[in-house]
Amino acid sequence: MNILVTGGAGFIGSNLCDSLIEKGHNVSVIDDLSTGFLENIIHLQGHPGFKYTNDTILNASVMEELVAESDAIIHLAAAVGVKYVIENPLASMETNIRGTEIALQLANKYKKRILVASTSEVYGKHTHAPLKEDDNLIYGPPSTMRWSYAAAKLVDEFAAIAYHRTKKLDTIIFRCFNTIGPRQTGLYGMVVPRFIQQALRDDPITVYGDGQQTRTFTYVGDVVEAIIRLLSCPHGSGEVVNIGVMEEITIAELAEKIKILTSSRSEIVFIPYNQAYGKDFEDMMRRVPSLEKLNALIGYVPETPLDDILVKTIEYFRAKTT
Ligand code: UDP
């Protein structure tokens with residue numbers, strides 16, 4: 001198949017490209033390198049099944065050519081990372097809303113299957129677990145910019161579902177929970193690459209708040225496997241589905257674990273949220289997915305244990321710094 005991957009130079013996107021190429025697909029990437037890196041796909045350049053277009057998904061005419069020559073689209077291009085979104089609220093909303101609208105419009109025009117990436121952020125401030133795809137969503141006020149990301153991605157979900165219901169567009173929306181592994185950058189706030197890099201430098205490991213907030217961390221290779229299975233899944237069109245794991249860990253425990261796995265001399269320090277993200281910040285205290293729907297659709301759920309993922313990611317960062 002010829003697959004268009006928007007945001008293919010990003011962390012999940014580039015890992016996805018590797019796997020698609022390995023499975024014999026032709027891959028076309030569009031990425032403006034706003035949060036992605038050329039270095040993530042440089043090894044694919046020159047491969048006969050790989051093509052890279054350096055442009056924004058907001059460029060509708062370029063997107064039209066790419067959609068027209070593809071068999072299916074995996075739409076990952078987005079402004080990502082809590083820190084990035086808070087620091088770039090307008091550009092983030094533009095990419096996340098208008099960019100997805102362009103991708104959906106074109107997928108509909110050329111009648112191509114489109115998988116749309118969404119996020120667990122969409123659930124908002126729940127504390128119950130596990131989160132099911134049809135749960136209510138709980139946000140804070142618009143003065144708290146964090147929620148603009150959730151709201152923009154929710155608009156994307158509504159738009160995809162609306163296209164499905166009114167135009168029969170073949171679309172599946174997947175909500176990624178915290179995904180980690182090689183190539184993830186800490187520049188936009190993501191906790192695991194930040195903690196690993198701090199630990200490897202023996203710098204203080206910066207836990208925000210009291211560290212009692214929890215997350216579930218999924219290996220990027222498993223997320224990619226789930227996306228590829230969804231791509232060829234005969235069911236699920238018009239549906240929203242979680243991708244993640246259920247193993248939960250507090251951020252304070254995560255800091256401790258990374259300190260031990262790296263044999264670091266780092267001190268673990270606790271930093272108030274307002275010092276880390278400015279005023280009006282709200283964290284999500286808990287985020288555990290229900291995986292029933294994913295399992296029912298593709299007969300697969302991610303399973304790499306957290307320690308194994310951390311070891312692989314630590315190796316990646318060690319190799320990068322030597
Ligand atoms: N976090 C932290 N120290 C950091 C970066 C993040 O304690 O240097 C915390 C953050 O406040 C959140 C958790 O780690 O509670 C996960 O943050 P991340 O930005 O990776 O993802 P998200 O908040 O979107 O789940």
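The model shown is predicted, which means the values in this text are computed figures rather than measured ones. In each ligand, atom 1 is the first atom listed, and ligand 1 is the first ligand listed.
Not close to ligand 1: Q198, with no non-hydrogen atom less than 4.0 angstrom away.
Among the atoms of N178, some N or O lies under 3.5 angstrom from an N or O of ligand 1.
Close contacts of ligand 1 with T206, meaning ligand atoms under 4.0 Å from a residue heavy atom, involve 2 (C), 3 (N), 4 (C), 7 (O), 8 (O). Under a 4.0 Å criterion applied to the non-hydrogen atoms of R194, ligand 1 contributes the atoms 4 (C), 5 (C), 8 (O). Atom numbering of ligand 1 starts at 1 in the shown order; those under 4.0 Å from a heavy atom of V82 are 23 (O), 24 (O). For ligand 1, the atoms closer than 4.0 angstrom to any heavy atom of R287 are 22 (P), 24 (O), 25 (O).
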Test salt bridge (Lys or Arg N to Asp or Glu O under 4.0 Å) on K153 and E157; report intermediate values, then the result. CA-CA 6 Å; K153 280 296 189 179; E157 293 193 8; over 6 Å; no
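The backbone N or O of P305 sits nowhere less than 3.5 Å from a side-chain atom of E247 that would complete a donor-acceptor pair.
Counting only residues at least two apart or on different chains, the side-chain hydrogen bond (donor to acceptor under 3.5 Å, both in side chains) pairs with a member in residues 65-79 are T6-H75, K51-E69, H75-T100.
By the criterion of a heavy-atom distance under 4.0 Å, neither the backbone nor the side chain of Y149 is placed next to ligand 1. With a 4.0 Å cut-off on non-hydrogen atoms, R215 touches ligand 1 through its side chain and not its backbone. Residue Q184 does not touch ligand 1, judged by heavy-atom distances below 4.0 Å.
Checked against a 6.0 Å centroid threshold, the rings of Y208 and F281 do not count as neighbours.
Of the charged side-chain nitrogens involved, none lies within less than 4.0 Å of a carboxylate oxygen, so that E253 and K257 do not count as a salt-bridged pair.
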